[in-house]
Amino acid sequence: MNFKTKHYQALMIGCGKMGGALLRQWIRSEAVHYTVVDPTLPELPNGVVGYDNADALKSKKFDIIIIAIKPQMVETILPDYANLLSEDGFVISMAAGCSAERLQTALKTRAIIRIMPNLPSFIGKGVAGLYASPECSEAQKAVSLDMMELAGTAVKVDSEDGLDRITAIAGSGPGYVFEFARTYVEAAESLGFSREQARALVLGTIVGTIEMAMDSDDDLETLRNNVTSKKGTTEAGLKALNADMGLSQKLKQTVDAAYNRAIELR
Ligand SMILES: NC(=O)C1=CN([C@@H]2O[C@H](COP(=O)(O)OP(=O)(O)OC[C@H]3O[C@@H](n4cnc5c(N)ncnc54)[C@H](O)[C@@H]3O)[C@@H](O)[C@H]2O)C=CC1
Ligand SMILES: O=C(O)[C@@H]1CCC=N1
């Protein structure tokens, strides 16, 4: 009972940046039909019906309820939706940190899939984690994995803690990378390039470098060494970048802080 054998009715609660990015890819499969509730009535892909509240849905039942609101809103918003889940239905939540137990209490159901997507899902290049509570059926796990693979790649984890660790690396990761790119562009501007030139130079360099690494069997240290001539410019730049272990310490602090925040949100 996966994409190939059943049609599903799904209700997405909240459809902002992350929910919207996933929906854009998920609608590429006709196996799931999507309805959205979001008070801001965001623009939705063709074929998706949107409501600004759940009043019109009171007599409906859904096979999947997708949680795309903030983790802090779970207890106030979700209890109103508990009756909309069909008897053999399940929940997919992207709310960072928010434990399956909190969702089980709010929606009065045991079958919870927690996902941790990231924003490049918008272009089908997401990296996601997926955790299923023990009460989920094989079919529910298979459908959720199919959905995540429509938006990129997915890694299954067997604990919620594992998902919180993926949050610190991949869920929040695009934020770190955008910030790295932003400050790199600032540095390029300080060497005299216009904002537009600096952006093209930096993003082009990042994309080319990452695509080369993805295509290569060499480890990252070897690839880095291929750029770095003895007593050359890259060596001088890297010495400054790594001075006092600054970069590795900062990155360790970054992922630890994000992981600790996920723990606080449980
Ligand atoms: N933005 C990201 O990169 C990622 C976000 N997430 C998770 O996705 C969830 C959503 O985050 P974003 O999309 O970034 O936030 P967002 O603020 O863009 O989206 C939240 C949406 O919930 C809607 N909403 C508010 N009250 C509502 C209600 N009563 N009923 C229905 N909808 C309501 C808002 O109008 C908004 O469109 C969060 O739980 C976050 O942890 C997970 C991974 C990555
Ligand atoms: O910042 C957040 O809490 C969410 C989860 C991962 C990315 N954005």
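Remember, it's 1-based here, ligands and their atoms both numbered in the order they're listed. Along the sequence shown, the residues carry numbers beginning at 1.
- Closest to atom 1 (O) of ligand 2 among all protein heavy atoms lies Ser172 OG, 4.6 Å.
- Near Ala96, meaning under 4.0 Å from one of its heavy atoms, ligand 2 places the atoms 5 (C).
- Distance CG/Asp55 to CG/Asp80: 9.5 Å, rounded to 0.5 Å.
- No continuous path of hydrophobic side-chain contacts links Met73 to Met12 [ILVMFWY only; heavy atoms under 4.5 Å].
- Atom CG of Asp158 has 12 or fewer neighbouring heavy atoms from other residues, nucleotides or ligands inside a 6.0 Å radius.
- No more than 12 heavy atoms of other residues, nucleotides or ligands lie within 6.0 Å of CD in Glu43, so this atom counts as exposed by the packing criterion.
- Residues Arg266 and Asp161 are paired through a salt bridge, judged by an N-O separation under 4.0 Å between the basic side chain and the carboxylate.
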Identify all pairs of nitrogen or oxygen atoms, one from ligand 1 and one from the protein, separated by less than 3.5 Å, and list them with distances.
from	atom 1	to	atom 2	distance (Å)
ligand 1	13 (O)	Lys17	N	3.2
ligand 1	13 (O)	Met18	N	2.8
ligand 1	15 (O)	Lys70	NZ	3.1
ligand 1	18 (O)	Lys17	N	2.9
ligand 1	18 (O)	Lys17	NZ	3.0
ligand 1	32 (N)	Gly14	N	3.4
ligand 1	35 (O)	Asp38	OD1	2.7
ligand 1	35 (O)	Asp38	OD2	3.4
ligand 1	37 (O)	Asp38	OD2	2.6
ligand 1	39 (O)	Ile69	O	2.6
ligand 1	41 (O)	Ala96	N	3.0

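- Of all atoms in ligand 2, numbered sequentially from 1 with element shown, those under 4.0 Å from a heavy atom of Gly171 are 6 (C), 7 (C).
- Between the side chain of Thr234 and the backbone N or O of Val227 there is at least one donor-acceptor pair closer than 3.5 Å.
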inquiry  = Pair Asp164, Tyr131 - check side chain to side chain donor-acceptor pair (under 3.5 Å), show working.
reply    = CA-CA 10 Å; Asp164 292 338; Tyr131 162 84; over 6 Å; no
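- Note that atom 7 (C) of ligand 2 has protein non-hydrogen atoms nearby, at separations under 4.0 angstrom.
- Residues Ile13 and Ile92 are members of separate hydrophobic clusters, defined by side-chain heavy-atom contacts under 4.5 angstrom among Ile, Leu, Val, Met, Phe, Trp and Tyr.
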